[in-house]
S.K.: 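One structure follows; several queries about it will come next.
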Number of protein chains: 2
Amino acid sequence: MIRDEALRLFAEHGPDAVSVRQIAAAAGVSAALVVHHFGSKEALREVVDHHVLETFDAMLTEMTGEQAPDLYDPAATGSLVEAVLRHLPPDSPMPAYLRRMLLTDSEAGKELFAKIFAVSEGMLAALSEAGMAAPGADPAVRAAFLMANDLAVLLLRDRLTEVLGVDPLSQEGMARWAAEVLAVYARGLSPSLEVGDAS
Amino acid sequence: MIRDEALRLFAEHGPDAVSVRQIAAAAGVSAALVVHHFGSKEALREVVDHHVLETFDAMLTEMTGEQAPDLYDPAATGSLVEAVLRHLPPDSPMPAYLRRMLLTDSEAGKELFAKIFAVSEGMLAALSEAGMAAPGADPAVRAAFLMANDLAVLLLRDRLTEVLGVDPLSQEGMARWAAEVLAVYARGLSPSLEVGDAS
DNA sequence: CAGAATACTAAACGAGCGTTCAGCTCCTGT
DNA sequence: ACAGGAGCTGAACGCTCGTTTAGTATTCTG
């Protein structure tokens, strides 16, 4: 499928660094056919964007059950990134493509981010209602903070792999990362179990 | 200066999206001179990378005094991003360029990230020695987590501005953001001041 | 003041880009 | 059987890119 090869190449190199001829070669067709089918390279990019967004939406609705407040589970940390990755084959181009969408100033990226933010807000609200977390003085910012922390692992994956010596999105990496995140979310950075003065 | 115009344009649009002719026009010279001066566009990019890295290093060494453990200060949060931004004019292209360096797979970006990670590790160690934080079960990962949280605001700045309605790197945005971050770092997400069971 | 280096430019080159075009299969409906 | 359209292609077009070249001012040096 032309679209899937485009998705793969776009995810790996970025749309601007991939030529129509490369996509055509990867899909085993001519460059002219790619354009004939989608109208233009830009239109193909929009089709891929839309496809990724749809797939993500499907995963999200499928996960809203499983994603329910088991925040303090060792397996499911309330990390959306972790949950999404578990639903994808290890060689899927989706994470890299989603990463690009989040970092690029496109309409689709904006939509994706807003969606994730809504999930984050919903999770915090549910957690709060269950008495497992406080919404904080500024719930929107707290939800954004939790979301940003979660996404950071995806955005900085390669860099973190370099300095930690382990891919934070691998099995082992996620376990180590989640342990620290949960510890901080449970007790903060405090050295003791007692919370000292905070004024 | 040609280099400064290149820095500005690279930061705004990314090196690949900026042509030598654009840089030349912005600097008020011919395209040929740009190449003659730096050898090639790629070499110019390396000069800019090096310049940014040097500037960042200078800021870092200047800040290591001021950056000392005043983590729980309302002004200086232990946020490196915040501290760097305070040392820069509001229209500086540096933050955007640093953001690109962190997100791109270049040697300079790798170096930059390693440097920031070292600072983060150092800060956590200092905080720990001062009894203000625990190094956690996995100090490297904890330092990486704190760093990632900090950087996320820079990486997702535009997106967060969209959903929050306020630039998280503006005066007001930083205050709101820092308040929540400090609250979580101090007490975790717990709804009460008492830490419940955590097993 | 001569002469060489330096700063700089306009013009052109070759390559790669997205896209267009004319035409070639090859399946389908009548 | 055979028109007709869909699927598909190689070649070409116009454009922009980074870079090269040949040459002109300008400035430094003896």
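Scope of the values below: all heavy atoms of this structure, side chains included, with no hydrogens, waters or symmetry mates. Convention: sequence-line order gives letters A, B, ...; per-chain numbering from 1.
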S.K.: I need the CD1-C1' distance between A:I2 and D:dG7, as an integer number of Å.
M.R.: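 For the pair A:I2 CD1 and D:dG7 C1', the rounded distance is 10 Å.
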S.K.: Nearest whole Å is fine: how far is C:dC24 P from A:H36 NE2?
M.R.: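 Rounded to whole Å, this separation is 17 Å.
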S.K.: Using side-chain heavy atoms (C-beta onward) and a distance below 4.5 Å, is B:E62 in contact with B:H87?
M.R.: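 They are in contact (side-chain heavy atoms under 4.5 Å apart), so the answer is yes.
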S.K.: Heavy atoms within less than 4.0 Å of DNA chain C: which residues of residues 6-14 of chain A have one? Give them sorted by number.
M.R.: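 Within residues 6-14 of chain A, no residue comes under 4.0 Å of DNA chain C.
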S.K.: Heavy-atom count around B:H13 NE2 within 6.0 Å, excluding the residue itself: above 12?
M.R.: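 More than 12 within 6.0 Å, yes.
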S.K.: Can you list every salt bridge (Lys or Arg N to Asp or Glu O under 4.0 Å) pair that touches residues 146-155 of chain A, not counting sequence neighbours?
M.R.: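 Every pair satisfying salt bridge (Lys or Arg N to Asp or Glu O under 4.0 Å) with a residue in residues 146-155 of chain A: there are none.
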S.K.: For the pair made of CG in B:L33 and P in D:dA22, what is the distance, rounded to whole Å?
M.R.: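 Checked: the CG to P distance equals 19 Å.
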S.K.: Going from CE on B:M147 to CG on B:N149, what distance comes out if it is rounded to the nearest 0.5 angstrom?
M.R.: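 Here the rounded value is 10.0 Å.
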S.K.: Got A:L169 and A:P95 here, is their nearest side-chain heavy-atom distance under 4.5 Å?
M.R.: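 No. Closest side-chain heavy atoms not under 4.5 Å.
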S.K.: I need the A:L53 CG to A:E107 CD distance, nearest 0.5 Å.
M.R.: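 Answer for the CG-CD pair, A:L53 versus A:E107, is 10.5 Å.
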S.K.: Please report, rounded to the nearest Å, how far the P atom of C:dA7 is from the CE atom of B:M1.
M.R.: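 The answer, rounded to whole Å, is 13 Å.
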S.K.: Is the number of heavy atoms from other residues, nucleotides or ligands within 6.0 Å of CD (B:E129) greater than 12?
M.R.: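 It does not: B:E129 CD has 12 such atoms or fewer within range.
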S.K.: Heavy atoms, side chains only, cut-off 4.5 Å: are A:Y97 and A:D49 in contact?
M.R.: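 A:Y97 vs A:D49: side chains touch.
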S.K.: Could you go over nucleotides 14-19 of chain D and give all protein N or O partners under 3.5 Å, atom names and distances?
M.R.:
unit_1: D:dG18; atom_1: OP1; unit_2: B:K41; atom_2: NZ; d: 2.8
unit_1: D:dG18; atom_1: OP2; unit_2: B:V20; atom_2: N; d: 2.9
unit_1: D:dG18; atom_1: N7; unit_2: B:R21; atom_2: NH1; d: 2.8
unit_1: D:dG18; atom_1: O6; unit_2: B:R21; atom_2: NH2; d: 2.9
unit_1: D:dT19; atom_1: OP2; unit_2: B:K41; atom_2: N; d: 2.7

